[in-house]
Amino acid sequence: MTLPRDFYARPTLEVAADLIGKVLVHETARAITSGIIVETEAYIGESDPACHAAPGPTVRNAPLYGPPGFAYVYLNYGIHYLVNAITEPEGSPAAVLIRALEPLEGQAMMRRRRQAAASLSASSLCRGPGNLSRALGISLKHNRSDLTHSTLRIEDRGLVRRDVVWGPRVGINVGVEHAWRCYAAGSEAVSLFKPGTRASRRRSQPSG
DNA sequence: CGTTCGATGCACT
DNA sequence: GTGCATCGAACGT
(Lines give C-alpha, C1' and ligand atoms only; values in the text may rest on other atoms or scores of the structure.)
Protein backbone atom coordinates (compact mmCIF):
# COMPACT_ATOMS: atom_id res chain seq x y z
CA MET A 1 0.00 0.00 0.00
CA THR A 2 1.04 3.60 -0.59
CA LEU A 3 2.08 5.31 2.60
CA PRO A 4 -0.65 7.68 3.86
CA ARG A 5 -0.11 11.31 4.76
CA ASP A 6 -0.09 10.69 8.51
CA PHE A 7 3.00 8.54 8.07
CA TYR A 8 4.86 11.72 7.14
CA ALA A 9 3.16 14.02 9.65
CA ARG A 10 5.45 12.92 12.46
CA PRO A 11 8.85 13.82 13.93
CA THR A 12 11.37 13.74 11.08
CA LEU A 13 13.79 11.35 12.77
CA GLU A 14 11.01 8.79 13.19
CA VAL A 15 10.05 9.14 9.53
CA ALA A 16 13.70 8.85 8.44
CA ALA A 17 14.06 5.55 10.31
CA ASP A 18 10.67 4.18 9.25
CA LEU A 19 11.37 4.89 5.57
CA ILE A 20 14.17 2.31 5.65
CA GLY A 21 12.69 -0.83 4.08
CA LYS A 22 9.89 1.03 2.28
CA VAL A 23 9.79 1.14 -1.52
CA LEU A 24 10.22 4.25 -3.67
CA VAL A 25 8.30 3.80 -6.93
CA HIS A 26 8.29 5.86 -10.12
CA GLU A 27 5.78 4.81 -12.72
CA THR A 28 5.86 6.13 -16.29
CA ALA A 29 4.09 5.10 -19.47
CA ARG A 30 7.20 3.16 -20.43
CA ALA A 31 8.20 1.41 -17.23
CA ILE A 32 7.98 1.02 -13.50
CA THR A 33 11.22 1.51 -11.63
CA SER A 34 11.42 0.97 -7.88
CA GLY A 35 13.81 0.22 -5.07
CA ILE A 36 13.99 -0.48 -1.35
CA ILE A 37 15.03 2.60 0.61
CA VAL A 38 18.22 1.77 2.54
CA GLU A 39 19.61 5.22 3.39
CA THR A 40 18.04 8.52 4.48
CA GLU A 41 19.00 11.81 6.09
CA ALA A 42 16.88 14.16 8.19
CA TYR A 43 16.89 17.94 7.67
CA ILE A 44 14.98 19.62 10.46
CA GLY A 45 13.87 23.22 10.76
CA GLU A 46 15.35 26.69 10.42
CA SER A 47 17.76 26.02 13.29
CA ASP A 48 19.44 23.21 11.33
CA PRO A 49 22.15 25.01 9.34
CA ALA A 50 22.26 22.25 6.70
CA CYS A 51 18.50 22.39 6.09
CA HIS A 52 17.35 24.46 3.13
CA ALA A 53 14.96 26.22 5.51
CA ALA A 54 17.91 27.72 7.43
CA PRO A 55 17.63 31.13 5.68
CA GLY A 56 13.89 31.25 6.35
CA PRO A 57 11.14 30.94 3.74
CA THR A 58 12.18 31.53 0.12
CA VAL A 59 10.65 30.66 -3.23
CA ARG A 60 12.88 27.64 -3.60
CA ASN A 61 12.32 26.05 -0.18
CA ALA A 62 8.57 26.70 -0.08
CA PRO A 63 7.73 22.96 -0.25
CA LEU A 64 9.50 22.47 3.10
CA TYR A 65 6.88 24.70 4.73
CA GLY A 66 4.00 22.94 3.04
CA PRO A 67 2.02 19.87 4.06
CA PRO A 68 3.77 16.53 4.71
CA GLY A 69 3.85 13.70 2.19
CA PHE A 70 4.88 15.84 -0.76
CA ALA A 71 8.17 15.66 -2.67
CA TYR A 72 10.84 18.35 -2.49
CA VAL A 73 13.13 17.90 -5.50
CA TYR A 74 15.90 20.30 -6.41
CA LEU A 75 18.99 20.52 -8.59
CA ASN A 76 22.30 20.26 -6.80
CA TYR A 77 25.75 21.12 -8.18
CA GLY A 78 24.03 21.89 -11.45
CA ILE A 79 23.93 18.19 -12.24
CA HIS A 80 22.04 16.07 -9.72
CA TYR A 81 18.39 16.00 -8.68
CA LEU A 82 17.88 15.23 -5.00
CA VAL A 83 14.62 13.78 -3.69
CA ASN A 84 13.17 14.59 -0.28
CA ALA A 85 9.92 13.67 1.46
CA ILE A 86 8.32 16.53 3.42
CA THR A 87 7.68 15.67 7.07
CA GLU A 88 6.08 17.19 10.20
CA PRO A 89 2.87 19.23 10.26
CA GLU A 90 2.41 22.01 7.70
CA GLY A 91 4.37 25.12 8.66
CA SER A 92 7.16 23.12 10.30
CA PRO A 93 9.90 23.02 7.65
CA ALA A 94 11.57 19.60 7.61
CA ALA A 95 12.24 16.75 5.22
CA VAL A 96 13.93 13.40 4.74
CA LEU A 97 16.49 13.09 1.92
CA ILE A 98 16.43 9.71 0.22
CA ARG A 99 20.05 8.72 -0.41
CA ALA A 100 20.09 5.13 -1.64
CA LEU A 101 17.90 2.26 -2.84
CA GLU A 102 18.30 -1.43 -3.46
CA PRO A 103 16.90 -1.82 -7.02
CA LEU A 104 13.66 -3.81 -7.21
CA GLU A 105 11.70 -3.38 -10.46
CA GLY A 106 12.93 -2.04 -13.79
CA GLN A 107 16.65 -2.61 -13.48
CA ALA A 108 17.07 -2.66 -17.26
CA MET A 109 15.46 0.77 -17.49
CA MET A 110 17.66 2.02 -14.65
CA ARG A 111 20.75 0.92 -16.55
CA ARG A 112 19.51 2.65 -19.67
CA ARG A 113 18.77 5.91 -17.86
CA ARG A 114 22.17 5.87 -16.19
CA GLN A 115 23.94 4.72 -19.35
CA ALA A 116 25.63 2.27 -17.04
CA ALA A 117 28.36 -0.12 -18.11
CA ALA A 118 27.22 -3.73 -18.10
CA SER A 119 29.77 -4.38 -15.40
CA LEU A 120 28.09 -1.98 -12.96
CA SER A 121 26.62 -3.99 -10.10
CA ALA A 122 22.93 -3.84 -9.27
CA SER A 123 23.69 -2.45 -5.84
CA SER A 124 25.48 0.49 -7.46
CA LEU A 125 22.55 1.51 -9.67
CA CYS A 126 20.77 3.57 -6.99
CA ARG A 127 23.63 4.23 -4.60
CA GLY A 128 23.76 7.93 -3.81
CA PRO A 129 21.01 10.56 -4.05
CA GLY A 130 22.04 11.81 -7.49
CA ASN A 131 22.33 8.33 -8.90
CA LEU A 132 18.94 7.12 -7.66
CA SER A 133 17.16 10.10 -9.18
CA ARG A 134 18.78 9.43 -12.52
CA ALA A 135 18.00 5.70 -12.37
CA LEU A 136 14.33 6.34 -11.54
CA GLY A 137 13.94 9.21 -14.00
CA ILE A 138 13.15 11.78 -11.33
CA SER A 139 13.65 15.44 -12.21
CA LEU A 140 12.56 18.95 -11.24
CA LYS A 141 9.05 18.39 -12.58
CA HIS A 142 8.48 16.04 -9.66
CA ASN A 143 8.99 18.86 -7.18
CA ARG A 144 5.82 19.30 -5.08
CA SER A 145 4.28 16.06 -6.34
CA ASP A 146 2.12 14.23 -3.83
CA LEU A 147 3.90 11.06 -2.69
CA THR A 148 0.59 9.65 -1.43
CA HIS A 149 -1.28 10.01 -4.76
CA SER A 150 0.98 10.04 -7.79
CA THR A 151 3.23 8.14 -10.16
CA LEU A 152 6.04 9.02 -7.77
CA ARG A 153 5.17 7.39 -4.47
CA ILE A 154 6.45 5.40 -1.50
CA GLU A 155 4.87 2.04 -0.71
CA ASP A 156 4.87 -0.31 2.26
CA ARG A 157 5.21 -3.78 0.80
CA GLY A 158 5.54 -5.54 4.13
CA LEU A 159 9.22 -6.32 3.66
CA VAL A 160 11.20 -7.64 6.59
CA ARG A 161 12.27 -4.99 9.03
CA ARG A 162 15.92 -3.93 8.70
CA ASP A 163 18.41 -3.12 11.42
CA VAL A 164 18.95 0.61 11.28
CA VAL A 165 22.23 2.42 12.02
CA TRP A 166 22.57 6.16 12.77
CA GLY A 167 25.57 8.35 11.96
CA PRO A 168 26.52 11.90 10.95
CA ARG A 169 25.15 13.30 7.69
CA VAL A 170 27.54 13.32 4.77
CA GLY A 171 28.41 15.83 2.08
CA ILE A 172 27.78 18.89 4.25
CA ASN A 173 30.06 21.26 6.12
CA VAL A 174 27.63 22.58 8.74
CA GLY A 175 25.35 20.79 11.17
CA VAL A 176 27.79 17.88 11.29
CA GLU A 177 27.16 17.48 15.02
CA HIS A 178 23.82 15.74 14.40
CA ALA A 179 23.75 11.98 13.77
CA TRP A 180 20.79 12.35 11.43
CA ARG A 181 21.85 9.90 8.71
CA CYS A 182 20.24 6.53 8.92
CA TYR A 183 20.86 3.38 6.90
CA ALA A 184 20.16 -0.33 6.73
CA ALA A 185 23.00 -2.25 8.33
CA GLY A 186 25.04 -4.29 5.86
CA SER A 187 23.35 -3.07 2.69
CA GLU A 188 25.78 -2.79 -0.19
CA ALA A 189 23.57 -0.20 -1.84
CA VAL A 190 24.28 2.35 0.91
CA SER A 191 26.40 5.25 -0.35
CA LEU A 192 29.99 5.47 0.92
CA PHE A 193 29.74 1.75 1.57
CA LYS A 194 33.36 0.91 0.86
CA PRO A 195 35.27 2.04 3.92
CA GLY A 196 38.30 4.20 3.32
CA THR A 197 37.65 5.03 -0.31
CA ARG A 198 34.51 7.03 -0.84
CA ALA A 199 34.12 7.60 2.89
CA SER A 200 37.13 9.84 3.18
CA ARG A 201 36.09 12.37 0.57
CA ARG A 202 36.04 15.89 1.92
CA ARG A 203 35.59 19.34 0.46
CA SER A 204 38.87 21.19 0.16
CA GLN A 205 39.04 24.46 2.05
CA PRO A 206 40.33 27.60 0.39
CA SER A 207 43.59 28.46 2.12
CA GLY A 208 44.31 32.07 2.98
C1' DC B 1 45.10 1.72 -2.37
C1' DG B 2 44.12 6.93 -1.21
C1' DT B 3 43.01 11.83 -2.41
C1' DT B 4 41.99 15.76 -5.58
C1' DC B 5 39.38 18.21 -8.75
C1' DG B 6 36.31 19.52 -12.79
C1' DA B 7 31.56 19.45 -14.49
C1' DT B 8 27.44 22.28 -14.33
C1' DG B 9 23.01 25.43 -13.17
C1' DC B 10 20.49 27.94 -10.14
C1' DA B 11 19.19 30.32 -5.64
C1' DC B 12 20.73 33.64 -2.91
C1' DT B 13 23.49 38.07 -1.72
C1' DG C 1 29.80 36.53 -7.99
C1' DT C 2 29.64 32.60 -4.66
C1' DG C 3 28.57 28.20 -2.96
C1' DC C 4 26.30 24.12 -2.81
C1' DA C 5 22.39 17.77 0.93
C1' DT C 6 27.25 14.96 -5.82
C1' DC C 7 29.75 12.01 -8.94
C1' DG C 8 33.46 9.75 -11.13
C1' DA C 9 37.75 10.31 -13.72
C1' DA C 10 42.41 11.08 -12.93
C1' DC C 11 46.32 11.21 -10.45
C1' DG C 12 49.88 10.01 -6.70
C1' DT C 13 51.45 6.40 -3.65
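These numbers come from the heavy atoms of this one structure, side chains and all, not from hydrogens, waters or symmetry mates. A, B, ... follow the sequence lines: proteins, then strands. Residue 1 opens every chain.
Partner of Tyr72(A) under the side-chain contact (heavy atoms from CB on, under 4.5 Å) criterion, chosen from Asn61(A), Leu82(A), Leu97(A): Asn61(A). Checked options Leu13(A), Asn84(A), Val96(A); the residue passing with Thr40(A) is Val96(A) (criterion: side-chain contact (heavy atoms from CB on, under 4.5 Å)).
Residues Thr151(A) and Thr28(A) fail the side-chain proximity criterion, which asks for heavy atoms closer than 4.5 Å. Between His178(A) and Glu41(A), the closest side-chain pair of non-hydrogen atoms is not below 4.5 Å. Within the 4.5 Å cutoff, the side chain of Ser133(A) has no heavy atoms near those of the Val73(A) side chain. Side-chain atoms of Leu147(A) and Tyr8(A), non-hydrogen and from C-beta on, do get closer than 4.5 Å to each other. Side-chain contact check for His52(A) versus Thr58(A): every heavy-atom pair is 4.5 Å or farther apart.
For the pair Glu39(A) CD and dA5(C) P, the computed distance is 16 Å after rounding to whole Å. Rounded to a whole Å, the OH atom of Tyr74(A) is 17 Å from the P atom of dG3(C). Between Ile98(A) atom CD1 and dT6(C) atom C1' the separation is 17 Å, expressed in whole Å. As rounded to whole Å, 12 Å separates atom C1' of dC4(C) from atom NE2 of His80(A).
Using atom P as the reference point in both dT13(C) and dC5(B), the two lie 13 Å apart (nearest Å). For the P atom pair drawn from dT13(B) and dA5(C), the interatomic distance equals 14 Å after rounding to whole Å.
In DNA chain C, consecutive stretches of 3 or more Watson-Crick or G-U wobble pairs with both distances under 3.5 Å are given as paired ranges: B:1-7 with C:6-12, B:9-12 with C:1-4.
Among the heavy atoms of the strands lying under 4.0 Å from Ile172(A) are primed sugar atoms or P, OP1, OP2 only; no base atom is included.
Distances shorter than 4.0 Å separate some side-chain N or O of Asn131(A) from OP1 or OP2 on dG8(C). Phosphate contact (OP1/OP2 of dT6(C), side-chain N/O of Arg99(A), threshold under 4.0 Å): present.
Closest contact between the side chain of Tyr43(A) and the listed nucleotides dG8(C), dA5(C), dC4(C) involves dA5(C).
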* **Steps toward side chain to side chain donor-acceptor pair (under 3.5 Å) verdict (His142(A), Tyr81(A))** => CA-CA 10 Å; His142(A) 297 99; Tyr81(A) 298 111; over 6 Å; no

Between the protein and nucleotides 8-12 of chain B, which nitrogen or oxygen pairs come in under 3.5 angstrom?
from	atom 1	to	atom 2	distance (Å)
dT8(B)	O2	Tyr77(A)	O	2.1
dC12(B)	OP1	Thr58(A)	OG1	2.2

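Note on Leu152(A): it clusters hydrophobically with Leu140(A), by side-chain heavy-atom contacts below 4.5 Å among ILVMFWY residues. Linking ILVMFWY side-chain heavy atoms closer than 4.5 Å, directly or via other members, places Val83(A) and Met110(A) in a single hydrophobic cluster.
At a cut-off of 3.5 Å, with distance as the only test, no side-chain donor of Arg162(A) or Ser187(A) sits close to an acceptor on the other residue.
Taking a 4.0 Å limit (strictly below) on heavy-atom distances, residues 109-121 of chain A reaches DNA chain C at Arg114(A).
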